[in-house]
Amino acid sequence: MSHTPTLAIVGAGVIGISWARLAREHGWTVTITDPRPDLRDIVTAAFGDDPAVVATDDLAAAVRSADLVQENGPERLPVKQQLFAEIGAAAPADAVLATSSSSITASEIAVDLEPGVAARLLVGHPFNPPELMPLVEVLPGSRTAAETTETAVGLYRALDREPVVITTELPGFVANRLQAAISREARYLVQEGVVSPGDLDTILRNSLGLRWATIGLFEGNVLGGGPGGIAHLLAGVGAQTGGIEPGVPATDPESMRRLVEAVEDTYGSGAQVYETLARRRDRRTRAVLAALADTE
Ligand SMILES: NC(=O)c1ccc[n+]([C@@H]2O[C@H](COP(=O)([O-])OP(=O)(O)OC[C@H]3O[C@@H](n4cnc5c(N)ncnc54)[C@H](O)[C@@H]3O)[C@@H](O)[C@H]2O)c1
């Protein structure tokens, strides 16, 4: 791209501000819009008086010069439908219109949109926090133009993200479906008293988490089988563990209350705890990313 790209952020919560940070780190111009009365305080707290970051409560003005609009408003279908009708009317005709939505699909949002707007809309689902997590799940809807998907992939790559295009709009997409499967088993093991929340996290961080930061699941299978590869693994260890029935966690209110209590006993709760844990997460994520980059 010959000009300095502009990212328009619609919805300045946890995800919106993190996208904005990523774009600024890459030298993009950023406009941020959100109806919340403390918008300017939030933007000043994150960016100081950076002249390349503009905060406004005027949605149309915020998206008018965007190359990429990234919407991060509430996860409610009517809100996103209304937002994209307004975004589509005001954004440049060649801008990519993306939603960070974790569950609502582009096809659902586009139902009543003008064809020219629907063609430019897709899901660009990040993993929290988008400024550090490279993954963006790109899900075109049934009315999205192929060219939009290509342009979106290029824009996310320009932000050093790792976009993966997923053409089936399955609830939870892919990453959160994987997370849900593991979370289900983790809650079951804690509820059954097999392991505490803290020990479960220690087990995950020191085994699968570290492994999956480097090689992924199927590559791990190939390596786990030794020179015989995945075929050897599935015939050997895989055959022994293949009969594990997944545990089903209890979801009644009392069981969920006890689970929440056990997790809060381990990590605490509230705004102060959130700040401390988020800073620690970001430090550790940066350290792993830097160490991995050193090996390339
Ligand atoms: N939190 C996560 O882990 C995560 C991860 C990936 C994707 N997402 C998705 O990102 C989106 C935002 O999530 P979040 O966690 O940042 O939520 P959040 O509650 O932190 O932020 C939402 C923001 O939207 C603003 N908003 C409300 N109405 C609006 C409107 N009409 N126009 C513009 N802004 C409006 C709110 O004032 C708030 O600042 C959701 O679609 C969510 O599914 C969240």
Side-chain angles (χ1 to χ4, degrees), residues 7-23 30-47 53-64 66 68-91 96-110 113 121-139 141 152 156 159 161-164 166 169-180 182-183 267 270-271 274-275 277-278 281-282 285:
L7 173 68
I9 291 295
V10 178
V14 173
I15 296 298
I17 290 294
S18 187
W19 273 120
R21 281 211 186 90
L22 176 72
V30 177
T31 55
I32 306 180
T33 188
D34 191 309
R36 60 195 296 168
D38 59 350
L39 174 64
R40 283 195 169 70
D41 297 341
I42 286 177
V43 171
T44 305
F47 300 100
V53 180
V54 176
T56 171
D57 58 8
D58 181 345
L59 175 70
V63 303
R64 195 161 290 139
L68 172 62
V69 177
Q70 188 76 35
E71 176 275 327
N72 322 271
E75 188 71 356
R76 292 207 306 278
L77 180 57
V79 176
K80 293 205 190 284
Q81 287 173 329
Q82 175 63 33
L83 277 174
F84 277 102
E86 290 174 33
I87 291 167
V96 170
L97 314 179
T99 171
S100 293
S101 164
S102 308
S103 61
I104 298 170
T105 61
S107 297
E108 290 171 303
I109 297 171
L113 292 179
L121 173 74
L122 43 65
V123 169
H125 176 243
F127 233 49
N128 186 35
E131 66 189 296
L132 296 178
M133 290 289 179
L135 178 67
V136 184
E137 291 175 302
V138 176
L139 287 97
Y156 290 131
L159 290 168
R161 299 303 82 185
E162 186 84 68
V164 176
I166 301 166
E169 292 178 307
L170 211 55
F173 314 146
V174 173
N176 275 331
R177 291 182 75 91
L178 294 173
Q179 178 164 248
I182 295 175
S183 298
Y267 292 109
Y274 171 76
E275 289 297 329
L277 291 181
R281 172 199 64 195
D282 291 357
T285 307

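As the structure lists them, so they are numbered: ligands from 1, and atoms in each ligand from 1.
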query: Mind checking whether Lys80 has a heavy atom under 4.0 Å from ligand 1?
result: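 Right, Lys80 reaches ligand 1.
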query: Does Phe84 have any ring pair (Phe, Tyr, Trp, His ring centres under 6.0 Å) partners at least two apart in sequence or in another chain, and if so, which?
result: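 If we apply the ring pair (Phe, Tyr, Trp, His ring centres under 6.0 Å) test to Phe84, skipping adjacent residues, there are no hits.
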message: When you measure from the side chain of Gln70 to the backbone of Gly124, do you find a donor-acceptor pair of N or O atoms at a distance under 3.5 Å?
response: yes
query: Which atoms form the tightest heavy-atom contact between Ser101 and Phe173, and what is the distance?
result: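 Looking at all heavy atoms of both residues, the closest pair is O-CE1, 3.2 Å.
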query: Between Asp57 and Thr33, what is the shortest heavy-atom contact and its length?
result: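 Where Asp57 meets Thr33 most closely, the heavy atoms are C-OG1, 3.7 Å.
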query: Is atom 26 (N) of ligand 1 close to the protein, meaning a heavy atom under 4.0 Å from it?
result: yes
message: If we count only non-hydrogen protein atoms and require a distance under 4.0 Å, does atom 19 (O) of ligand 1 qualify as touching the protein?
response: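 No, there is none.
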How long is the straight-line distance from [atom2] of [Y] back to [atom1] of [X], given to the nearest 0.5 Å?
| X | Y | atom1 | atom2 | value |
| --- | --- | --- | --- | --- |
| Arg281 | Tyr274 | CZ | OH | 5.5 Å |
| Asn176 | Glu137 | CG | CD | 7.0 Å |
| Glu108 | Ser103 | CD | OG | 8.0 Å |

Nearest heavy atom to [atom]: which of [options] does it belong to?
| atom | options | value |
| --- | --- | --- |
| atom 41 (O) of ligand 1 | Glu75, Glu137, Gln82 | Glu75 |
| atom 6 (C) of ligand 1 | Gly124, Pro126, Ser101 | Pro126 |
| atom 40 (C) of ligand 1 | Pro74, Ser102, Gly73 | Gly73 |
| atom 33 (C) of ligand 1 | Pro35, Ala12, Ala175 | Pro35 |

task: Could you tell me whether Leu83 approaches ligand 1 through its side chain, its backbone, both or neither, with non-hydrogen atoms closer than 4.0 Å?
output: side chain
Starting from [atom], which protein heavy atom do you reach first, and at what distance in Å?
| atom | answer |
| --- | --- |
| atom 36 (C) of ligand 1 | Asp34 OD2, 3.5 Å |
| atom 21 (O) of ligand 1 | Gly13 CA, 3.3 Å |
| atom 14 (P) of ligand 1 | Ile15 CG1, 3.9 Å |

Which atoms from ligand 1 have a heavy atom of [X] less than 4.0 Å away?
| X | result |
| --- | --- |
| His125 | 6 (C), 7 (C) |
| Gly11 | 24 (O), 33 (C), 34 (N) |
| Asn128 | 3 (O) |

- prompt: Under the salt bridge (Lys or Arg N to Asp or Glu O under 4.0 Å) test, which residues partner Arg161, sequence neighbours left out?
  reply: none
